[in-house]
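To start, the structure under review is shown below, and the notes come after it.
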Amino acid sequence: MVDDLSTGHADAVPDGCKFVEADIASAAGELLAERFDGVLHFAAKSLVGESMEQPQKYWQGNVVTSLRLLDAMREHGTPRLVFSSTAATYGEPEASPITEDLPTRPTNTYGATKLAIDHAITSYATAHGIGAVSLRYFNVAGAHGAFGERHAVETHLIPIVLQVALGQREQVQIFGEDWPTADGTCVRDYIHVTDLADAHLLALENATSGQHRIYNLGNGTGFSVKQVIDTCREVTGHPIPAAVAPRRAGDPATLVASSRRARDELGWQPQRADLGVIVGDAWEFTRARHAS
Ligand SMILES: O=c1ccn([C@@H]2O[C@H](COP(=O)(O)OP(=O)(O)O[C@H]3O[C@H](CO)[C@H](O)[C@H](O)[C@H]3O)[C@@H](O)[C@H]2O)c(=O)[nH]1
């Protein structure tokens with residue numbers, strides 16, 4: 001959830017794991033020459049709006065680098081991969097909640113690049129015996145104690161709304177009020193980062209040689225932008241002014257997950273599904289960071 005793992009987050013790596021900071025575009029081969037039990041591949045450009053304006057950053061930065069990583073894994077016989085895929089691979093879904101067997105028709109470049117990587121992983125897993133799992137994140141939020149969202153340029157809804165609560169911004173912009181949803185604002189499925197982390201460990205444990213399995217990770221409940229802002233008002237006790245702005249390019253109207261497959265096959269049990277809990281943890285993190 002952090003853009004910059006080099007600023008202190010290496011300390012959070014559990015025993016038996018190694019934190020490596022490197023430019024995978026150039027160094028994956030050398031890195032994996034040391035024997036690794038598996039790779040958790042989080043690195044990506046992940047801003048929907050930016051991906052529409054600067055697609056080259058996404059095709060080069062996401063796809064080309066991931067192919068280099070896959071080649072290094074093949075070359076050095078690294079057996080397992082857990083990849084951060086995304087709800088954006090589905091685009092505007094034809095049914096809700098979204099199951100993994102629905103068509104993948106991304107509406108933005110970010111989602112298209114993640115889908116391309118998913119396809120490459122399937123080929124490499126099948127041909128080279130890698131045990132691979134793609135986790136399709138819906139909207140990750142919340143915080144785990146001192147670990148939370150600290151993007152260099154903030155574009156995500158909950159951190160922005162909490163910055164308004166703190167007085168760091170005057171208001172939050174609602175990107176469109178004319179979507180085909182109950183209140184006209186976009187609906188998303190928010191998942192706590194700690195639940196997301198738990199799913200990664202389960203994925204690593206369950207990765208099976210030669211197979212690429214795909215799991216959606218969400219709570220199965222959608223919240224509109226207006227509902228998120230209202231929850232933030234309740235949790236923080238601040239009024240949080242909001243204004244309607246034009247739609248953001250590339251946004252689907254509604255993204256809600258079915259995570260039945262992750263529950264059934266991985267035994268994943270989200271513990272912090274309540275939006276008030278998710279916002280509450282994000283608020284604690286944001287306040288503590290502001291105070292320090
Ligand atoms: O200031 C803002 C920021 C966001 N939104 C809206 O709030 C919703 C959530 O937006 P986020 O930017 O927080 O999250 P996204 O749904 O765009 O993005 C998330 O889902 C994407 C896939 O769709 C990617 O995986 C991405 O990395 C992940 O954060 C969207 O409808 C967006 O239009 C606003 O109205 N105002």
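Start at 1 and go down the list; that is how both ligands and their atoms are numbered.
Those atoms of ligand 1 with a heavy atom of I174 less than 4.0 angstrom away are 35 (O). With ligand atoms numbered from 1 in the order given, ligand 1 contributes 1 (O) to contacts under 4.0 Å with heavy atoms of I160. The L255 neighbourhood of ligand 1 comprises atoms 23 (O), with distances under 4.0 Å to a heavy atom of that residue.
Regarding atom 33 (O) of ligand 1, its nearest protein heavy-atom neighbour is D251 OD2, 2.5 Å. Of all protein heavy atoms, the one lying nearest to atom 6 (C) of ligand 1 is V225 CG2, 3.7 Å. Closest to atom 27 (O) of ligand 1 among all protein heavy atoms lies S46 O, 3.2 Å. Scanning the protein heavy atoms around atom 31 (O) of ligand 1, the nearest turns out to be C186 CB, 2.9 Å. Scanning the protein heavy atoms around atom 14 (O) of ligand 1, the nearest turns out to be N139 ND2, 3.0 Å. Among all protein heavy atoms, the one lying closest to atom 28 (C) of ligand 1 is H156 NE2, 4.1 Å.
For the pair T86 and ligand 1, the shortest N or O to N or O distance falls below 3.5 Å. Considering both main-chain and side-chain atoms, F175 comes within under 3.5 Å of ligand 1 through a nitrogen or oxygen pair. On a distance-only criterion, Y190 and ligand 1 share no N/O pair closer than 3.5 Å. Polar contact with ligand 1: present for L157 (N/O pair, distance under 3.5 Å).
With hydrogens and angles disregarded, no donor-acceptor distance shorter than 3.5 Å links the side chain of R136 to the backbone of A87. The backbone N or O of S134 sits nowhere less than 3.5 Å from a side-chain atom of D118 that would complete a donor-acceptor pair. A donor-acceptor pair under 3.5 Å is formed between the side chain of D274 and the backbone N or O of G276.
Using a 4.0 Å cut-off between charged side-chain N and carboxylate O, D101 and R261 make no salt bridge. The pair D71-R74 meets the salt-bridge criterion, since a charged nitrogen lies less than 4.0 angstrom from a carboxylate oxygen. Using a cutoff of 4.0 Å between basic side-chain nitrogens and carboxylate oxygens, E100 and R213 are not scored as salt-bridged.
When non-hydrogen atoms are compared, ligand 1 lies under 4.0 Å from the backbone of T155 (N, CA, C, O) but not from its side chain. Residue-level proximity to ligand 1 for Q173 is carried by the backbone, the only part with a heavy atom below 4.0 angstrom.
More than 12 heavy atoms of other shown residues, nucleotides or ligands fall within 6.0 angstrom of atom NE2 in H200. Counted within 6.0 Å of CZ on R260, heavy atoms from surrounding residues, nucleotides or ligands total 12 or fewer; the atom is thus considered open.
Put simply, the side chain of K45 does not reach to within 4.5 Å of the side chain of Q54, judged on heavy atoms. Contact of the E94 side chain with the P103 side chain is registered, since non-hydrogen atoms from C-beta on lie closer than 4.5 Å. Residues S224 and T181 are not in side-chain contact: their nearest non-hydrogen atoms beyond the backbone lie 4.5 Å or more apart.
The shortest heavy-atom distance from Y110 to ligand 1 is under 4.0 Å.
Of the candidates R188, R248, Q163, the one placing a heavy atom closest to atom 10 (O) of ligand 1 is R248.
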